[in-house]
Structures are given as C-alpha cells and as structure tokens.
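Following: one structure in structure tokens, then a few remarks.
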Amino acid sequence: MTTGEIIKATAELWRYPLPGVTGGSGITEVDVIAVSLEASTGETGMGFSYVLGGGGETVAATAARMLEKFVGGMKQIPPPALWQRLAGSLNRLGRGTGYVAIGAIDLAAWDLWAKCQEMTLAEALGGVPRRVRVYGSGGFGPAQAPDDAVKQALKYADQGCTAVKLRFAGNAADIDRLQAVADALPSDVAVMGDANEKCDFVTARWLANACADYNLLWLEEPLPAQDIVGYAALAAQSPVAIATGEHHQGLVELAPFLEAKSCAVVQPDLAMIGGITEAMRVATVAGHYGIGVAPHFLPALFVHLAAAAPAVTWLEHFPLLEPIFDNPVDLDDDGYISPSAEPGHGLRWAEEARDKYLVEG
C-alpha cells in the first residue's frame, strides 16, 4: 500500500437541471457537491454529495472549510478515522449540512484509499464482489395514469429487473395503478410502492392493507421520517413490509428504528447518511437485527457496499445523477449489477460535466 500527503483538496458546487419533474418529490434540479482529493503519490479520489431542490451553496462551503482544516496538506489516513475527525468537528452545529458535506469527502477518501491499495472499493471495504438484484424505480409518479405506469414497468421487466417500485399518493388511485401494473407484469416480477411521507397513520394503515391484496414487496416511507412511534405501530400491524431511511442522518437517527423493528428494510442515502463509512455502519447494525438494506439509488456505487455487507439485498435503479457520469449503470440479462473492476469506486464524471454544471464563485 502506498499513501502520502493530500496535496490538493477541493470542493465545488455543480447544478444539474433534470429533464423534467422527477420522482415522488417532484424535484427539477440537483445541487451536486463535487470533491476531489490528490495525494503526493499521484493518485486522485473523486467524491460527491447532493442536495435535492437547492441549498447546495451552504453544503459546498462547509465541505470546503472541512477540507482546508482537516484534509489538505495532511497525511492520508484511513477513511473511517477521517470520518470520525470530520464528524467530531461538528460539535454543537448538529448533523444537518455537515453530514451532507462529509458524505462527499468520505466518498473521495475511500476512492483514493482504494486506489492507493490497488483495490476496488468493494475489496477495500473488506468484501468480496458479488452480483446484486436491481429494481426499477425511475419513470414512476404519484399521479401517473395506470397505462403509463404499466409501460414503464414492462420496460424494466424487459431489461431483466425482477421488481419495480411505483409512487403512491395515499389515495384510491394508487390501488388502480398498482392493480394495472400487477396484472401486466410477469408473475416473477415483484412490485414495491413509495409514498414519499405523504400519509398519516390512518391512511398509511389503509394503504398497507389495500396493497396486501397485490402481494406488495414493501411499502416505503408511508409516514414522516421522524415518526418512529407511528412506524413501530404500523410495522406491528401492517400485512406488508415497511421500508424507510433515505431521509435519516447517520446511524444515530436510524438506530432507534432498527432496535424497535419499526421497519423491515432500511434505505440509507449517500448524502443524508454521511458517506460510505456511515452507510457501512448502518448496514452492519441492520444485519444484526435481521433487517434488509436497500440503499437509495446510485446502484453502481452501493454494489461495492453490498460486497462487504450481506444485509444489502436490493439496489435501486433511479437514474437521477447517472447522466453526468461517463459510465452509467450496466445491468446484466438477469437484472443484476456487479461492481466495477477498476481500482476505487469506478465512477467518473462525464467529459464535459464540470464545464456544463459548475456554479462559478
């Protein structure tokens, strides 16, 4: 292994406009915090984080301050040690934008560390690369006509995906859409549903009961993220599995959900959770409680986590940021993805991405 000093550490804000209203949250653009680390030995590490719907300026500024104080000009140290250093610096500021900034730095640190060891990220995390199932999630909306949802679901089935995830609004139209998709799909393709925190407890319980008739694989985020009491009660009563986690920050917020068994599937998001280091901790603890892990989008990245965390059971194909990479998701004929064999995480920016999306100043 070759390590040295970090001779260059930068954080930039890029703003990526989406082609239209996207996902259950209806976002139209993504603020991307792009971090680059360069070691004295010549290797470079690429990391990123993101904010959906604006506010990236604060995160980018936080990342830049952290890099200047704790990374640039210093000896390269293992990413988990760097993560502890960065998280400890937040002190009374709270997790907030700090964890989103740390997520970008942590990913770059892991990419650099793995390259210095001439390993893939999967191997650097202590894992053995393996194929992981991918479910289709992009192209669905909470007000989508049943026929349109069927067309999108069948596209994913034709690509080999063995599950698709619809978007729900918490009303009767959800069931009409679900029935149409369930009737159209082959029997070996499962269906999930994502309510994006739109329901109160009564509506969530009704929705879960209604979905049970269609053998829903899981019902995602039926309640607001902070409602652990509601999630625990719903999980105890629901005939379908409950999933949540993409809006929680760090293991400290998810641990009560895991301990209370208030979900069957936990879904860490790279930015919100604070990077790969913390996502690994969440996956390890979830595995202890017998809870599945299905990270929030970015399958080409999280397939490396899956190599070291047996609890990771599904990856999500939701092509939000993939167009700004030059190596998009590559599913095999069975709807699985395997980690890149390149040193590091294997993700690279598209050639003109920085020129197109950099926010000056």
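In this text, all values refer to a predicted model and were calculated from it rather than measured experimentally.
Around atom CG of Asp333, no more than 12 heavy atoms belonging to other residues, nucleotides or ligands sit under 6.0 Å away.
Interatomic distance, Ile175 CD1 to Leu178 CG, rounded to the nearest 0.5 Å: 5.5 Å. To the nearest 0.5 Å, the span separating CE on Met192 from CG on Leu219 amounts to 12.0 Å.
Leu52 and Met272 fall into different hydrophobic clusters, where Ile, Leu, Val, Met, Phe, Trp and Tyr residues are linked whenever their side-chain heavy atoms come under 4.5 Å apart, directly or through other members. Hydrophobic clustering keeps Trp218 apart from Leu207 (ILVMFWY residues linked when any side-chain heavy atoms are closer than 4.5 Å, directly or through intermediates). Leu305 and Val303 fall within a single hydrophobic cluster, where Ile, Leu, Val, Met, Phe, Trp and Tyr side chains are chained together by heavy-atom contacts under 4.5 Å.
Figure legend: Arg85 and Phe70 shown without cation-pi pairing, the cationic atom not lying both under 6.0 angstrom from the six-membered ring centre and within 45 degrees of its axis.
Residues Asp158 and Lys155 are not paired through a salt bridge, judged by the lack of any N-O separation under 4.0 Å between the basic side chain and the carboxylate. A salt bridge links Glu278 to Arg281: at least one charged side-chain nitrogen sits closer than 4.0 Å to a carboxylate oxygen. Ion pairing between Lys115 and Asp111 holds under the 4.0 Å rule for side-chain N and carboxylate O.
Pro222 is listed as a side-chain neighbour of Tyr231, based on a closest heavy-atom distance under 4.5 Å.
In plain terms, the two heavy atoms of Ile77 and Leu82 that are nearest each other are CD1-N, 3.7 Å. Closest approach of Ala286 to Leu258, counting heavy atoms only: N-CD1, 4.0 Å.
Taking the six-membered ring for Trp, Tyr99 and Trp83 have ring centres closer than 6.0 Å.
No hydrogens or angles considered: nothing links the side chains of Gln159 and His317 as a donor-acceptor pair under 3.5 Å.
When Glu197, Gln226, Gln267, His296 are each tested for a side chain to side chain donor-acceptor pair (under 3.5 Å) with His247, only one passes: Glu197. Each of Trp349, Phe48, Tyr50, Tyr357 was evaluated against Tyr16; a single residue qualifies, Tyr357, per the ring-ring contact (aromatic ring centres under 6.0 Å, His included) test.
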